[in-house]
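Okay, so here's the structure we're looking at.
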Amino acid sequence: LGTAIANESIEVMSKTSNFVSAVRFRDGETVKHGQILIELDPAQARADLAEASAALTESTSQYERARDLLSTRVVSQSQYEQLEATMKANQARADAATARLADTVIRAPFGGRVGLRRVSVGSLASPGTVITTLDDTSVMKVDFAEPSREPARGARTLRANRGAPR
């Protein structure tokens, strides 16, 4: 006959290795796009961000002082460029630390229904560790083979809306 397939279906996983500090969903719950599913321990990521921010503040201050002194030739062009490069590198480190902190919160990439929870508070979530599944069943795809007299016609995929129209 045919097979009904969810419009979107994923296994929710962590990007990084870290300990689960909070689970924010229940098995089988319907979640919205962007809803927090899991929180990982943010302590190390916060410390890395604080360190990167402090280095950025210091290098920005040195760069601005050098910029003011460049016209008086107290600072050479090469020293100024070196301070600028250091400031840009520290900005990149701060941006990376901000991204790592954001990765400690795992959100639903789309609305749908979560499956069974496969982690608990205190467990280690690593890349590849399935936390749960997420299926968007608001639109179902039906895959079936259509009997045909012409060999050129193959399988077709049809979409059927479930529930109220959007």
Does a donor on one side chain sit under 3.5 Å from an acceptor on the other, for S138 and D136? yes
Would you say the side chain of P127 lies within less than 4.5 Å of the side chain of T16, judging by non-hydrogen atoms? no
Work out which heavy atom in A108 is nearest to a heavy atom in V31; give both atom names and the distance. CB-CG2, 4.0 Å
Among all residues two or more places apart in sequence or in another chain, which pass the salt bridge (charged side-chain N to carboxylate O under 4.0 Å, His left out) test with E11? none
Close side-chain approach of R117 and I131, heavy atoms under 4.5 Å: no
Applying the 4.5 Å side-chain criterion to the ILVMFWY set and letting contacts propagate, would V130 and F25 be lumped into a single cluster? no
Distance-only, no hydrogens or angles: does the T57 side chain make a donor-acceptor pair with backbone N or O of S53 under 3.5 Å? yes
With rounding to the nearest 0.5 Å, note down the distance linking CZ in R93 to CG in L56. 10.5 Å
Hydrophobic cluster mates of L124, side-chain heavy atoms under 4.5 angstrom, ILVMFWY only, any path? F19
Verify, without hydrogens or angle tests, whether S9 (side chain) and A6 (backbone) share a donor-acceptor contact under 3.5 angstrom. no
Quick one: are V23 and S120 in side-chain contact, heavy atoms under 4.5 Å? no
Closest non-hydrogen atoms of V121 and A22, given as atom of the first, atom of the second and distance, are CG2-CA, 4.1 Å
Check whether I10 and V119 end up in the same hydrophobic cluster, where Ile, Leu, Val, Met, Phe, Trp and Tyr are linked by side-chain heavy atoms less than 4.5 Å apart. yes
Here the gap from R118 atom CZ to T132 atom OG1, rounded to the nearest 0.5 Å, amounts to 7.0 Å
Quick one: do V74 and Y63 end up in the same hydrophobic cluster if we chain Ile, Leu, Val, Met, Phe, Trp and Tyr together by side-chain heavy atoms under 4.5 Å apart? yes
Set of residues satisfying salt bridge (charged side-chain N to carboxylate O under 4.0 Å, His left out) with respect to E84, sequence neighbours excluded: K88
Answer whether the closest heavy-atom distance between the side chains of V12 and T133 falls below 4.5 Å. no
Are F144 and T3 close enough that some pair of their side-chain heavy atoms sits under 4.5 Å apart? no
For residues 27-36, which residue pairs pass the side-chain hydrogen bond (donor to acceptor under 3.5 Å, both in side chains) check, not counting sequence neighbours? T30-R113
Rounded to the nearest 0.5 Å, the CD atom of Q62 sits from the CG atom of L83 at a distance of 6.0 Å
Donor-acceptor pair between S59 and N90 side chains, under 3.5 angstrom: yes
Please report the shortest heavy-atom distance between V114 and R26, naming the atom on each side. CG2-O, 3.4 Å
For residues 95-104, which side-chain N or O atoms pair as donor and acceptor with protein atoms under 3.5 Å away, sequence neighbours left out?
| residue | atom | partner | partner atom | Å |
| --- | --- | --- | --- | --- |
| D95 | OD1 | Q91 | NE2 | 2.8 |
| T98 | OG1 | A94 | O | 2.9 |
| T104 | OG1 | L101 | O | 2.6 |

Check whether L69 and M87 end up in the same hydrophobic cluster, where Ile, Leu, Val, Met, Phe, Trp and Tyr are linked by side-chain heavy atoms less than 4.5 Å apart. yes
dist T137:OG1 -> I5:CD1 (nearest 0.5 Å) comes out at 13.5 Å
Show the numbers, then the answer: is there a side chain to side chain contact (heavy atoms under 4.5 Å, CB included) between I106 and S14? CA-CA 7 Å; I106 300 172; S14 173; 3.9 Å; yes
Distance, nearest 0.5 Å, that separates NZ of K141 from CG of N7: 5.0 Å
Would you tabulate the side-chain donor-acceptor contacts of residues 37-44 under 3.5 Å, counting partners in other chains and residues two or more places apart, or write 'none'?
| residue | atom | partner | partner atom | Å |
| --- | --- | --- | --- | --- |
| E39 | OE2 | R24 | NE | 3.0 |
| E39 | OE2 | R24 | NH2 | 3.4 |
| D41 | OD1 | A43 | N | 3.2 |
| Q44 | NE2 | D48 | OD1 | 2.8 |

Would you say the side-chain atoms of S126 pair up with the backbone N or O of S17, donor to acceptor, closer than 3.5 Å? no
Atom OH in Y80, atom CG in D68: separation rounded to 0.5 Å? 9.5 Å
So, does S76 use its side chain to make a donor-acceptor pair with the main chain of Q79 at under 3.5 Å? yes
